[in-house]
Amino acid sequence: MEKIAIFPGSFDPFTVGHESIVRRAIPLFDQIIVAIGYNSAKSGYFPLEKRKNWIIDIFKNDVSIVVDTYEGLTTNFCKLKNAKYLLRGLRTAADFEYERAIAQMNKMIETELETVFILTAPEHSFISSTIVREVIRYGGDASKFVPKEIDLTL
Ligand code: ADP
């Protein structure tokens, strides 16, 4: 059976930290679906289509990476896609506490689902979409924190 993993997130915007987690997970799975979770009642900082097209561009040469969007429970999206693995990145102890609760909750909802964690590379441990948005909002240069395919000036 094909090993399919979902990498869920807001990716607002996708950062070099996210890219590194996906690239390091490529050898582990037959397919990784980078899944942008959205809430139709709340718009993000960058439009959903833009976030999606950026990620498609970043992985255009990686055949096992697919990009999709979903609304609602991540576990429902996993079922829909027949994915048995959730991929998440861990930066800090705070991430661990937050992720632990979500992973344990997801396991209660969907017993077949395993969450696989990859530890961030040290040079990415301070990078978050929230901080990148703050830098942009105040006119700073955030280009170092996002993959080169993302042109934040557009
Ligand atoms: P969410 O809104 O679910 O927190 P994010 O888009 O912020 O989604 O992040 C998606 C996943 O990527 C999470 O598992 C998060 O911990 C991980 N992540 C975010 N930034 C980094 C980073 N710099 N290094 C490694 N993992 C990261």
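Scope of the values below: all heavy atoms of this structure, side chains included, with no hydrogens, waters or symmetry mates. Atoms within each ligand, like the ligands themselves, are counted from 1 in listed order. This is a predicted model, so every value here is computed, not measured.
Using modelled atom types and a 3.5 Å distance limit, the side chains of D141 and S143 yield a donor-acceptor pair.
Between F46 and W54, the distance separating the two ring centers is shorter than 6.0 angstrom.
When only interatomic distances are considered, the shortest N/O to N/O separation between G9 and ligand 1 does not fall below 3.5 Å. Any N or O atom pair closer than 3.5 Å counts here, and I127 shares at least one such pair with ligand 1. Inclusion of H124 in the set of residues having an N or O under 3.5 Å from an N or O of ligand 1 is warranted. On a distance-only criterion, S10 and ligand 1 share at least one N/O pair closer than 3.5 Å. The shortest N/O to N/O separation between H18 and ligand 1 falls below 3.5 Å. Note: an N/O pair closer than 3.5 Å links T120 and ligand 1 by distance alone.
Residues P147 and F14 are in side-chain contact: their nearest non-hydrogen atoms beyond the backbone lie under 4.5 Å apart. Annotation: side chain of Q31 is not in contact with side chain of K81 (no heavy-atom distance under 4.5 Å).
Between the K60 side chain and the D57 main chain, a donor and an acceptor come within less than 3.5 Å of each other. Panel note: side chain E99, backbone R88; no donor-acceptor pair is recorded below 3.5 Å. Listed for the R51 side chain is a donor-acceptor partner under 3.5 Å among the backbone atoms of S10. Checked by atom type and distance alone, the side chain of K107 pairs as donor or acceptor with a backbone atom of L113 at under 3.5 Å.
Of the protein's non-hydrogen atoms, R91 CD, 3.5 Å is the one closest to atom 22 (C) of ligand 1. The protein atom (non-hydrogen) at minimum distance from atom 3 (O) of ligand 1 is R88 NH2, 3.2 Å. Ranking protein heavy atoms by distance to atom 16 (O) of ligand 1, first place goes to G89 O, 2.8 Å.
The ligand atoms of ligand 1 that sit less than 4.0 angstrom from a heavy atom of D95 are 16 (O). Each of the following atoms of ligand 1 lies closer than 4.0 Å to a heavy atom of E99: 13 (C), 14 (O), 16 (O).
Using a 4.0 Å cut-off between charged side-chain N and carboxylate O, E110 and K79 make a salt bridge.
Using a 4.0 Å cut-off between heavy atoms, P8 contacts ligand 1 through its backbone alone, with no side-chain atom that close.
The closest approach between a heavy atom of F7 and any atom of ligand 1 is below 4.0 Å.
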